[in-house]
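First the structure, in the form of structure tokens, and then the observations on it.
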Amino acid sequence: MPRRPVPSLRVPTLSGAEWDLSEQASNRFTMIVFYRGFHCPVCQTYTRELDQLASEFGERDIGVVAISSDTRERAEMARDRWRLENTLIGYDLGIGKAREWGLYISASRGKSSSGVEEPSIFSEPGIFVVRPDMTLYWASTSTMPFARPHFKDMLQAFDFVQKLDYPARGEL
């Protein structure tokens, strides 16, 4: 719920360090982008857009991490094959933790349209924007890989939010 504390979140990253949400308090916001995994061609396009805009989020003091339930090996394949150079990639998100965050969970249906085998179970996409006090500011989740918020639109929204000190909404 907006304005309420979010669950804890700690995942290993491809940088070699663990990423812990509670250590991100220096940012104006922290944006957590949960993606489905290496098997998802929509995620490839989506995370590449995020990667290309990473510096613009940084200029606004918005920390960004992209996290999936993938293993380290699959997360590395996503980073390398999708050419993600500017985005911190977290992996090994547990399904229980994904549920705590309100993400939808899917089971494998074999190979995706990209020809990559889906994991036996994985989380569907979601974006969560968290304030330094660890309360939820903004969230968007989906049961499908399609129709996600565009990061360029989100940048414009963050500018609006900062200019007007716009409060979190949807708390009732």
Side-chain angles (χ1 to χ4, degrees), residues 1-40 42-43 46-47 50-51 54 57-58 60-76 78-79 84 87-108 118-151 153-155 157-158 161-162 165-172:
M1 290 293 290
R3 300 184 188 186
R4 302 240 173 94
V6 297
S8 64
L9 184 59
R10 185 180 181 109
V11 293
T13 68
L14 295 181
S15 73
E18 292 242 325
W19 182 89
D20 190 327
L21 177 60
S22 68
E23 297 172 1
Q24 309 308 309
S26 63
N27 296 315
R28 173 172 283 127
F29 292 108
T30 299
M31 185 170 71
I32 305 160
V33 178
F34 293 105
Y35 70 100
R36 300 172 80 226
F38 177 62
H39 66 278
C40 175
V42 177
C43 295
Y46 200 58
T47 56
L50 176 64
D51 195 64
F57 283 102
R60 290 163 174 84
D61 197 23
I62 300 166
V64 176
V65 64
I67 300 172
S68 75
S69 299
D70 275 346
T71 62
R72 178 180 182 88
E73 179 182 39
R74 287 174 68 99
E76 287 172 340
R79 178 197 60 203
L84 304 175
T87 303
L88 184 63
I89 306 294
Y91 60 93
D92 277 345
L93 175 70
I95 296 303
K97 185 57 71 172
R99 284 190 170 116
E100 271 186 65
W101 277 83
L103 297 173
Y104 295 94
I105 308 300
S106 290
S108 177
E118 293 180 346
S120 61
I121 191 167
F122 57 92
S123 64
E124 292 294 341
I127 296 177
F128 292 81
V129 177
V130 180
R131 287 191 176 276
D133 66 0
M134 298 299 122
T135 59
L136 181 65
Y137 182 75
W138 179 355
S140 175
T141 60
S142 182
T143 62
M144 299 290 280
F146 318 111
R148 304 180 203 187
H150 293 280
F151 292 115
D153 294 343
M154 292 184 75
L155 285 168
F158 280 122
V161 162
Q162 182 178 344
D165 193 24
Y166 200 78
R169 303 304 305 261
E171 72 279 2
L172 299 180

Excluding sequence neighbours, so at least two apart, what forms ring-ring contact (aromatic ring centres under 6.0 Å, His included) with [X]?
X    : value
Y137 : F29
F34  : W101, F128
Y104 : none

List the residues meeting side chain to side chain donor-acceptor pair (under 3.5 Å) with [X], not counting sequence neighbours, and say none if there are none.
X    : value
R3   : none
Y46  : none
R148 : none

Start with the C-alpha gap between M1 and L136, add the side-chain angles, then the distance that decides, and say whether side chain to side chain contact (heavy atoms under 4.5 Å, CB included) holds.
CA-CA 7 Å; M1 290 293 290; L136 181 65; 5.9 Å; no
Per the salt bridge (charged side-chain N to carboxylate O under 4.0 Å, His left out) rule, what does the pair list look like for residues 122-143, sequence neighbours excluded?
R36-E124
Pairs flagged by salt bridge (charged side-chain N to carboxylate O under 4.0 Å, His left out) wherever residues 17-28 is involved - sequence neighbours left out
R10-E18, R10-D20
Could you check Q24 against W19 for side chain to side chain contact (heavy atoms under 4.5 Å, CB included), going step by step and ending with a plain yes or no?
CA-CA 9 Å; Q24 309 308 309; W19 182 89; 3.3 Å; yes
Less than 4.5 Å apart, any side-chain heavy atom of P119 and any of R74?
yes
Does any non-hydrogen side-chain atom of M31 lie less than 4.5 Å from one of I127?
yes
Contacts of [X] that satisfy side chain to side chain contact (heavy atoms under 4.5 Å, CB included) - sequence neighbours left out:
X    : value
R169 : Y166, P167
S15  : T13, A17, L88
S69  : L93, I95, S123

Any donor and acceptor pair, going by atom type alone, linking the side chain of D51 with main-chain N or O of T87 inside 3.5 Å?
yes
Which value, rounded to the nearest 0.5 Å, describes the distance between L155 atom CG and I62 atom CD1?
6.5 Å
Under 3.5 Å, sequence neighbours excluded: what are the donor-acceptor pairs made by side chains of residues 138-146?
{"unit_1": "S142", "atom_1": "OG", "unit_2": "M144", "atom_2": "N", "d": "3.0"}
{"unit_1": "S142", "atom_1": "OG", "unit_2": "M144", "atom_2": "O", "d": "2.8"}

